[in-house]
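Here is the structure we will look at.
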Amino acid sequence: MSQQSAKRIIAARLIQDPSMSDAEYYHQRQIKSGPNVGKVMVQFNLVEYIGGLARLEGVSELQIMAAAKYRNAYERAQIGGARAVDYEAVKVDTSGPREDVLTLSVADALETYRRAAQFLGLTRSSHIERVVCHDQPLTSRTMGARERSRAKEELLATLEDLAGHFKLKMVAKNTQQAVRP
């Protein structure tokens, strides 16, 4: 892997500090100002976040956010994988069906995923799922340069539409302003 492609896959982001208590956050808020209070810079693997989209150049922040939300819904809905089991959950009443938090979370994610896939249609949703969720390449080696370019343009346009479906356009503008010091 080249140095340049490694830079695209490992990204630095400003996120809320998970080790900071609410009390510490409010204390820092009193002595500091600005949108970066209580945030830390982290590095993470974009492939785990957005799959094969991490390997493409020219992807906007809005398209990354749409891909991440789609992949998150796909994974939380537990499509195609083994169902998560909480072995530490206390078994009190096993006489009938029960709605636990995990089941409700999965149902919510499944509904989010279903609506997005329905919005995109079968062809476009399977294209995004293949690249973003399954980390498969966008194109094959047998494709010519024009076909590869068209496939990339179609994927990015689909992600733009998906961002509109998820109502991320306003969020992306606010995020870009919040990250700047």
Side-chain angles (χ1 to χ4, degrees), residues 1-2 4-16 18 42-87 99-145 147-176 179:
M1 179 182 302
S2 72
Q4 187 176 16
S5 64
K7 286 180 184 177
R8 280 189 312 223
I9 292 176
I10 303 300
R13 297 281 168 116
L14 197 59
I15 65 164
Q16 199 65 38
V42 297
Q43 290 187 345
F44 65 97
N45 187 341
L46 276 174
V47 174
E48 294 297 321
Y49 191 55
I50 56 171
L53 190 65
R55 294 181 186 92
L56 296 178
E57 293 181 5
V59 181
S60 72
E61 185 66 28
L62 187 65
Q63 293 161 338
I64 289 173
M65 289 172 60
K69 185 162 177 123
Y70 189 85
R71 182 176 174 133
N72 186 19
Y74 177 86
E75 289 177 350
R76 284 185 24 244
Q78 300 177 1
I79 298 172
R83 181 179 161 87
V85 176
D86 185 4
Y87 292 106
E99 293 290 323
D100 61 357
V101 175
L102 182 61
T103 305
L104 294 175
S105 174
V106 168
D108 182 46
L110 189 57
E111 182 62 20
T112 301
Y113 173 79
R114 185 192 65 74
R115 285 186 180 164
Q118 188 176 26
F119 169 77
L120 293 173
L122 183 62
T123 304
R124 295 190 325 156
S125 67
S126 67
H127 196 203
I128 285 185
E129 188 174 314
R130 192 178 79 239
V131 174
V132 173
C133 301
H134 300 297
D135 194 20
Q136 294 177 355
L138 174 65
T139 59
S140 66
R141 292 181 182 186
T142 60
M143 295 174 83
E147 291 171 312
R148 288 178 193 220
S149 177
R150 191 173 67 227
K152 180 181 174 183
E153 287 174 11
E154 288 174 4
L155 178 68
L156 296 181
T158 301
L159 286 169
E160 287 286 333
D161 292 344
L162 190 59
H165 171 73
F166 286 142
K167 298 178 175 69
L168 294 175
K169 294 193 184 224
M170 194 61 160
V171 174
K173 289 178 185 175
N174 293 340
T175 303
Q176 289 173 352
V179 172

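Quick note: numbers below take in every heavy atom, side chains included, and nothing from hydrogens, waters or symmetry partners.
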Cationic N near anionic O, under 4.0 Å, Arg148 to Glu153: no

Drop me the distance from His165's NE2 to Thr112's OG1, to the nearest 0.5 angstrom. 8.0 Å

Which salt bridge (Lys or Arg N to Asp or Glu O under 4.0 Å) pairs, counting each pair once, include a residue from residues 63-76, with sequence neighbours left out? Arg71-Glu75, Arg76-Asp108

Scan for salt bridge (Lys or Arg N to Asp or Glu O under 4.0 Å) pairs involving residues 120-130, sequence neighbours excluded, and state none if there are none. Arg124-Asp161

Under the side chain to side chain donor-acceptor pair (under 3.5 Å) test, residues paired with [X] that sit two or more places apart:
X      : value
Thr142 : Ser140
Ser126 : none
Asp135 : Arg55

Just wondering, are more than 12 heavy atoms of other shown residues or ligands nearer than 6.0 Å to CZ in Arg13? yes

Tell me, do [X] and [Y] make a side-chain contact under 4.5 Å, heavy atoms counted?
X      : Y      : value
Leu138 : Lys152 : yes
Thr158 : His127 : no
Glu160 : Ser60  : yes
Leu155 : Leu53  : yes
Tyr49  : Ile64  : yes

Shortest non-hydrogen contact from [X] toward [Y]:
X      : Y      : answer
Leu46  : Ala54  : CB-CB, 3.6 Å
Leu159 : Ala66  : O-CB, 3.6 Å
Val47  : Asn45  : N-OD1, 2.9 Å
Leu162 : Ala116 : CD1-CB, 3.9 Å
Ala67  : Ile50  : CB-CG2, 3.9 Å

Partners meeting salt bridge (Lys or Arg N to Asp or Glu O under 4.0 Å) with Arg114 (sequence neighbours left out): Glu111

Checking Tyr113 against Tyr70 for the ring pair (Phe, Tyr, Trp, His ring centres under 6.0 Å) test, could you report, in this order, the C-alpha distance in whole Å, the side-chain angles of both residues, the deciding distance, and whether it holds? CA-CA 7 Å; Tyr113 173 79; Tyr70 189 85; 5.4 Å; yes

